[in-house]
Amino acid sequence: MSPVADVVDDLSWRGLIAQTTDLAALRRDLAAGPVTLYCGFDPTADSLHVGSLVPLLALRRFQLAGHRPVALAGGATGFIGDPSGRSSERVLMTAEVVADRVRLIRRQLERFLDFDDSPSGAVLADNLEWTAPMSAIEFLRDVGKHFPIGAMLAKESVSARLESGGLTFTEFSYQLLQANDYLELYRRHGCTLQIGGNDQWGNITAGLDLIRRVEGAERAPVHALTLPLVTDASGAKIGKSTGGGNVWLDPALTSPYSLYQYLLNVDDRDVGTYLRLLTFLPRERVEELDAATSDRPQARAAQRCLAEELTALVHGPGELAAVQAASAALFGAGSLEDLDEATLTAALAEAPSLQLGTGPVPTVVELLAGSLGISRSDARRAVRDGGAYLNNARVGDEADRPGEGAWLHGRFLVLRRGKRTIAVVERPAPADAPPL
RNA sequence: GGCGGGUUGCCCGAGUGGUCAAAGGGAGCAGACUGUAAAUCUGCCGGCUCAGCCUACGAAGGUUCGAACCCUUCACCCGCCA
């Protein structure tokens, strides 16, 4: 990927700009030389998810254009809880949980940016560093004094909450902490641009106001840019799996196979948007894929490309290859019996699995439940509904047990629920059993 | 601090002593149709050793042959008043 000539133009055609402060001034400053910008990531979970990639990759886009990104982990703000976009108060996390999550998230942030000594070398920060040492008196005098209550109440995040049941002083204060972060990064790193989801607009402008009051408007030409909060065709946020859960970046939470499959299954109506927001593909390529989707939707060229780009970006080319082999084997035309053991093993490495010991062979229902992590009632229902498959053959009866001939290469059973959910059952290899 | 209202299954929400594993909607799962898509139709949608049993309607006790529904206490939320 080559550096982008004009990062604003690039963001613009991708649909990545929701709101900005003075756009002409921002363009001018970006053209004048490397600008330091930041985006905050609060530790709301053990991992970032696909949705978090939109702002994170936006930081990367700025870096590729020669600017210096600061990724800020919200070690302090995570304690408080951002009221933005929430209808009810957050449950406070313990210090251990926050610290743990910050550690995990920092590690993920590092992977998407370049940390070198060049002018565009990234910086990783944690707002706990300057927030924790601040006393309540300092906070109220040095930060709080600059915030008229009227302006704070007018923020969308606050007024929405006042409508829907209120909020506590704790969350009300959140915007002050985030504003102070911007001021702090302005002072430490000369940071003059903050980006974030569009729900962050209020918090970001709170920072602008603070910096201008403290530093003076002329001396501090600071900017804000927000990214649109994109929802898919069904109204869900990006990165929500059909199961309702997030699609995580941590391979322990969402396997590379699941990520790949999630992206491969993206709705036709959304895939163009996702290509723009989540990949670095040039405009011509994206428009080519748009055309491919409308001309030959069944080929799903755009989905395939999206899945490849992101799986490689998040998990590396090695994982991508493994995942593609798995998908080809499991969804391919050939029968499972024809696969050689190496291909089969690789394909199934990504699937949830159940290891059997010796002893009597359980029923298919028990195997489904054990391998897919569902209840036996659920497994029973799957069989009753005709949605359970053993080695791609529909299971007819709840009491069925796999026969000796069902074991692929003497060791494996491939179980499937519906079209896409696959699991594997493995038993110890018979010492002298000939391959099937 | 006072008074009133509330807490139901993943979410919203009906249910005021037996016919309640609990209406309805959403989400989700499966089948049919497809392109591992969408839309549509159909079935399912607490657990289990599944024609039955167990657990569940904020928590703990109590009344009753029988409680999501009545009583007591506790916790949390909301509104009005101070």
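The same atom, C1', is picked in B:rG5 and in B:rU16; the two are 16 Å apart, to the nearest Å. B:rC69 sits 15 Å from B:rG62 when the P atoms are compared, rounded to a whole Å. Taking the C1' atom of each, B:rA67 and B:rU8 are spaced 14 Å apart, rounded to whole Å. Remark: the separation of the C1' atoms in B:rC57 and B:rA23 is 14 Å, to the nearest Å. Between the C1' atoms of B:rA59 and B:rC76, the separation comes to 11 Å (whole Å). Straight-line distance between the C1' atoms of B:rC20 and B:rA56: roughly 11 Å, to the nearest whole Å. On the P atoms, B:rA38 is 10 Å away from B:rG28, given to the nearest whole Å. Taking atom P on both B:rU49 and B:rG13, the two are 35 Å apart, rounded to the nearest angstrom.
Taking atom CD of A:Glu398 as the reference point, atom C1' of B:rC44 lies 13 Å away to the nearest angstrom. Going from atom CG of A:Asp268 over to atom P of B:rA37 covers 10 Å, rounded to whole Å. The interatomic distance linking A:Arg420 (CZ) with B:rG31 (P) rounds to 10 Å, in whole Å. We find that CG of A:Leu368 is positioned 16 Å from P of B:rC29, with the value rounded to whole Å. In this entry the distance linking CG of A:Asp385 with C1' of B:rC41 reads 15 Å, nearest Å. If you take CD of A:Gln298 and P of B:rU34, they are 13 Å apart, rounded to a whole angstrom. For the pair A:Tyr262 OH and B:rG28 P, the computed distance is 12 Å after rounding to whole Å.
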Could you pull out the protein-nucleic contacts involving nucleotides 45-49 of chain B (nitrogen or oxygen on both sides, under 3.5 Å)?
{"residue": "B:rG47", "atom": "OP1", "partner": "A:Ser375", "partner atom": "OG", "Å": "2.8"}
{"residue": "B:rG47", "atom": "OP2", "partner": "A:Arg381", "partner atom": "NH2", "Å": "2.7"}
{"residue": "B:rC48", "atom": "OP1", "partner": "A:Arg376", "partner atom": "N", "Å": "2.9"}
{"residue": "B:rC48", "atom": "OP2", "partner": "A:Arg376", "partner atom": "N", "Å": "3.3"}
{"residue": "B:rC48", "atom": "OP2", "partner": "A:Ser377", "partner atom": "N", "Å": "2.6"}
{"residue": "B:rC48", "atom": "OP2", "partner": "A:Ser377", "partner atom": "OG", "Å": "2.4"}
{"residue": "B:rU49", "atom": "OP1", "partner": "A:Arg376", "partner atom": "NH1", "Å": "3.0"}
{"residue": "B:rU49", "atom": "OP2", "partner": "A:Arg380", "partner atom": "NH2", "Å": "2.9"}

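The partner of B:rG46 is B:rC54, judged by Watson-Crick or G-U wobble contacts that both fall below 3.5 Å. Across all strands shown, B:rG6 is found opposite B:rC76 as a Watson-Crick or G-U wobble partner, with both distances under 3.5 Å. Remark: B:rU40 base-pairs with B:rA32; criterion is Watson-Crick or G-U wobble with both hydrogen-bond distances under 3.5 Å. Summarising the base pairing, B:rG1 is matched to B:rC81 through a Watson-Crick or G-U wobble pair whose two defining distances lie under 3.5 Å. In this entry B:rG66 has no Watson-Crick or G-U wobble partner, no candidate having both defining distances under 3.5 Å. Taking a pair to require two hydrogen-bonding distances under 3.5 Å in either a Watson-Crick or a G-U wobble arrangement, B:rA22 remains unpaired.
Side-chain contact check for A:Gln194 and A:Tyr38: at least one donor-acceptor pair (N or O, by modelled atom type) lies under 3.5 Å.
Nearest-nucleotide positions on RNA chain B for A:Lys419 and A:Ala382 put A:Ala382 closer to the 5' end. Positionally, the nearest nucleotide of RNA chain B for A:Gly386 lies more toward the 5' end than for the other of A:Gly386 and A:Ala299.
OP1 and OP2 of B:rA38 both lie 4.0 Å or more from every side-chain N or O belonging to A:Arg300. Contact check, A:Tyr274 against B:rA37: no side-chain N or O comes under 4.0 Å of OP1 or OP2.
Backbone-only contact: A:Tyr389 has heavy atoms under 4.0 Å from sugar-phosphate atoms and none from a base. Note on A:Arg416: nothing from the nucleic acid sits closer than 4.0 angstrom, heavy atoms only. At a threshold of 4.0 angstrom between heavy atoms, the contacts of A:Asp267 are confined to the sugar-phosphate backbone, with no base atom among them.
The closest donor-acceptor contact from the side chain of A:Ser47 to the backbone of A:Asp250 lies under 3.5 Å.
Every pair passing side-chain hydrogen bond (donor to acceptor under 3.5 Å, both in side chains) that includes a residue from residues 292-307 of chain A is listed here, sequence neighbours excluded: A:Asp268-A:Gln303. Sorted by first then second residue, the salt bridge (charged side-chain N to carboxylate O under 4.0 Å, His left out) pairs that include residues 387-400 of chain A, not counting sequence neighbours, are A:Arg380-A:Glu398, A:Arg384-A:Glu398.
Geometric assessment of A:Arg416 against the ring of A:Tyr389 yields a positive cation-pi assignment under the 6.0 Å and 45° thresholds.
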I'd like a table of donor-acceptor pairs (distance under 3.5 Å, sequence neighbours excluded) in which one partner is a side-chain atom from residues 97-104 of chain A, with atom names and distances.
{"residue": "A:Asp100", "atom": "OD1", "partner": "A:Arg103", "partner atom": "NH2", "Å": "3.3"}
{"residue": "A:Arg101", "atom": "NH1", "partner": "A:Thr44", "partner atom": "O", "Å": "3.1"}

Identify every side-chain donor-acceptor pair in residues 313-331 of chain A under 3.5 Å, counting partners at least two apart or on other chains, and give the distances.
{"residue": "A:Gln324", "atom": "NE2", "partner": "A:Glu308", "partner atom": "OE2", "Å": "3.1"}
{"residue": "A:Ser327", "atom": "OG", "partner": "A:Gln261", "partner atom": "NE2", "Å": "3.0"}
{"residue": "A:Ser327", "atom": "OG", "partner": "A:Val323", "partner atom": "O", "Å": "3.0"}

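Applying the ring-ring contact (aromatic ring centres under 6.0 Å, His included) rule to A:Tyr260 yields no partners; only residues at least two apart in sequence or on another chain are considered.
Closest heavy-atom contact between A:Arg276 and A:Leu16: O-CD1, 4.4 Å.
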